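Comments concern the structure below.
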Amino acid sequence: MNLLSLINSILDFSKIEDGKMEIIPVRYDLATVVNNLVNSIAQRAKDKSLDLSVNVDEGLPTVLYGDDLRISQVVMNLLINAVKYTDRGSVSLNVSEDRRENNSVYITYKVSDTGIGIRKEDMDKLFGSFERIEETRNRNIEGTGLGMSIVTRLLDRMDSSLNVESVYGEGSEFSFVIRQDIVDPHPVGDYRKRLGITEYTGSQTHPYVTGAKVLVVDDNEMNLKVAAGLLKLNGIKPNLAFSGAEAIERMKETPYDLVFLDHMMPEMDGMETLKILKENDLIPKGCAVIALTANAVVGVGDLYLNAGFSDYLSKPIDVERLEDKLVKFLPAEMIEMRNADTGEDGGDRGLYAELLSDYAGEYEDRRTKLGEYLKSANVKKYQIQVHSLKSTSLTIGAEEMYADAKRMEEAAAAGDIPYMDAHHDELMSRYAAQVL
């Protein structure tokens with residue numbers, strides 16, 4: 001599993017847990033969504049000599065309105081699991097119309113396989129985070145146990161739910177029905193012909209950028225390293241800044257082509273930083289400044305546009321949306337569309353080692369600050385600090401530490417100082433056990 005995908009899955013899960021996962025509807029072409037899904041899974045199926053079957057109801061509308069990114073994320077998780085747990089036979093994706101009401105269509109997505117199936121007694125584990133089914137039998141199958149949890153929670157956010165049917169030893173079928181508004185009611189027809197496709201190669205094109213000067217600003221070192229790792233896949237080695245003040249100094253020195261600027265930072269936040277950059281004419285002509293935010297909700301785009309940002313990007317950073325920004329804001333002559341590399345990123349293990357080292361290196365400073373904030377009853381600063389500890393703990397896979405920190409964050413948010421007093425030492429002991 002690509003480490004960056006793993007980290008983003010964990011961050012997505014954390015965001016859903018905190019109720020901050022946004023659902024953003026847009027116009028989209030149904031045939032393109034299906035094509036991207038199939039191209040993304042085709043090579044995996046081919047590598048295991050599995051037959052990949054795709055059936056799309058030709059009467060479905062051509063253009064729809066909904067969050068195609070989240071729908072794709074759900075279906076992709078189901079397809080990956082189907083291939084992962086199937087050693088022989090087939091995996092199929094069926095997209096069909098359930099019904100229409102007024103100007104909406106209810107679409108059924110169904111993923112089925114001829115894999116190992118699920119025992120009845122294991123069904124409850126399927127939807128629990130960090131739980132793996134049949135650990136002994138499936139010990140060689142990679143995964144975090146987060147995929148199905150993300151699927152069910154995303155579907156819940158989109159007023160849908162997952163249906164599971166499985167026969168142990170024979171296979172499984174996962175399906176959901178989702179309502180989408182109709183933009184263009186013309187039938188999609190044969191979606192392959194619509195897109196001029198004759199066969200699937202299992203490859204997708206991604207922007208590869210040459211010569212772009214990109215700056216990423218965030219006060220969280222782990223966030224910076226993940227962003228840098230993602231941009232590396234597009235040929236970009238960004239400069240990194242840990243504060244608004246550092247970003248201003250860097251922009252005095254370098255004419256950047258693109259800037260990603262975190263909104264929520266201590267001392268000087270992204271809004272204040274952007275204002276100073278504009279007042280001092282430090283943003284080169286043609287350079288877009290994109291807000292990074294972990295609290296994106298519908299309508300937040302207007303907030304950033306009114307503040308002078310060119311656009312915004314939600315955290316955890318989604319690869320497709322990041323690439324959309326690169327194509328939209330960087331000069332066309334810098335960009336070449338290339339087929340995706342299906343191999344493992346050789347830097348993954350090194351990056352993970354760095355993240356672990358960073359986590360351990362933060363221990364003394366974070367422990368000192370948390371102790372001081374608790375002693376002085378500075379609940380707000382304690383909450384901010386323990387929130388960061390919660391997020392970084394989950395990013396490296398320290399689930400128990402994450403759970404403890406989350407409870408302390410909730411207590412701080414509620415001003416429950418007695419609870420914080422009673423459990424602070426326990427939290428610090430577990431933290432020490434993780435890093436010392």
Side-chain angles (χ1 to χ4, degrees), residues 2-11 13-15 18 130 144 215-232 237-247 249-250 260-262 264-269 292 294 315-317 345-376 378 380-409 412 420 423-436:
N2 183 286
L3 176 69
L4 292 167
S5 298
L6 165 61
I7 290 172
N8 270 322
S9 291
I10 291 173
L11 291 173
F13 177 77
S14 176
K15 198 171 182 182
D18 291 343
F130 299 107
T144 62
L215 176 65
V216 183
V217 188
D218 196 307
D219 63 299
N220 185 298
E221 186 172 2
M222 203 169 282
N223 287 343
L224 284 175
K225 287 189 175 179
V226 171
L230 290 172
L231 287 167
K232 179 183 176 183
K237 185 176 181 180
N239 289 151
L240 307 176
F242 292 88
S243 66
E246 185 178 351
E249 292 306 310
R250 283 192 172 273
F260 294 97
L261 177 59
D262 188 33
M264 298 299 292
M265 295 186 292
E267 297 178 10
M268 183 189 300
D269 69 16
L292 293 175
K315 295 191 299 184
I317 297 172
D345 179 0
D348 276 356
R349 292 185 180 181
L351 174 59
Y352 188 56
E354 276 191 62
L355 297 180
L356 290 175
S357 176
D358 292 344
Y359 183 78
E362 293 170 348
Y363 169 73
E364 285 296 342
D365 181 61
R366 201 184 296 277
R367 180 184 64 82
T368 300
K369 287 180 178 177
L370 284 169
E372 290 175 352
Y373 297 151
L374 182 62
K375 185 176 181 180
S376 61
N378 193 328
K380 184 62 178 177
K381 285 191 175 181
Y382 191 99
Q383 180 186 350
I384 292 170
Q385 191 68 220
V386 82
H387 169 82
S388 178
L389 175 59
K390 179 196 74 172
S391 299
T392 54
S393 296
L394 189 56
T395 298
I396 66 161
E399 300 111 40
E400 291 182 350
M401 186 67 196
Y402 159 79
D404 284 354
K406 182 182 179 185
R407 285 189 285 270
M408 291 294 277
E409 179 189 17
M420 295 164 64
H423 294 88
H424 174 79
D425 288 345
E426 178 185 343
L427 178 70
M428 291 299 99
S429 294
R430 189 181 295 280
Y431 192 9
Q434 296 286 335
V435 300
L436 299 179

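Just so we're clear, the structure is a prediction, and the values are computed from it rather than from any experiment. Values below: all heavy atoms of this structure, side chains included; hydrogens, waters and symmetry mates excluded.
V386 approaches A405 most closely through the heavy-atom pair CG2-O, 3.8 Å. Residues Y382 and Y373 share a closest heavy-atom pair of N-CD1, 3.8 Å. The two atoms that bring M408 and M420 nearest to each other are CE-O, 3.5 Å, heavy atoms only. Contact detail for R367 and M428: the closest heavy-atom pair is CG-SD, 3.7 Å. Shortest non-hydrogen contact noted between P238 and V216 is CB-CG2, 4.0 Å. Counting all heavy atoms, side chain and backbone alike, E246 lies closest to L240 at OE2-O, 3.7 Å.
A heavy-atom distance below 4.5 Å is found between the side chains of Y359 and M401. Side-chain contact between Q385 and R366 is present, with heavy atoms from C-beta onward closer than 4.5 Å.
Atom CG in N223 sits 7.0 Å away from atom CG in D262 (nearest 0.5 Å). Taking CG of L231 as the reference point, atom CZ of F260 lies at 6.0 Å (rounded to 0.5 Å). Rounding to the nearest 0.5 angstrom, the gap separating the OH atom in Y431 from the NE2 atom in H424 is 11.5 Å. How far CG of N239 is from CG of L224: 11.5 Å, rounded to the nearest 0.5 Å. With values rounded to the nearest 0.5 angstrom, K375 atom NZ is found 14.5 Å from L370 atom CG. Here CG of L427 is found 6.0 Å from CG of L389. Values are rounded to the nearest 0.5 Å.
When each of K390, E409, R430 is checked for a side chain to side chain contact (heavy atoms under 4.5 Å, CB included) with D404, only R430 meets the rule.
Salt-bridge formation is not detected for the pair E372/K369: no Lys NZ or Arg NE/NH1/NH2 atom is positioned less than 4.0 Å from an Asp or Glu carboxylate oxygen.
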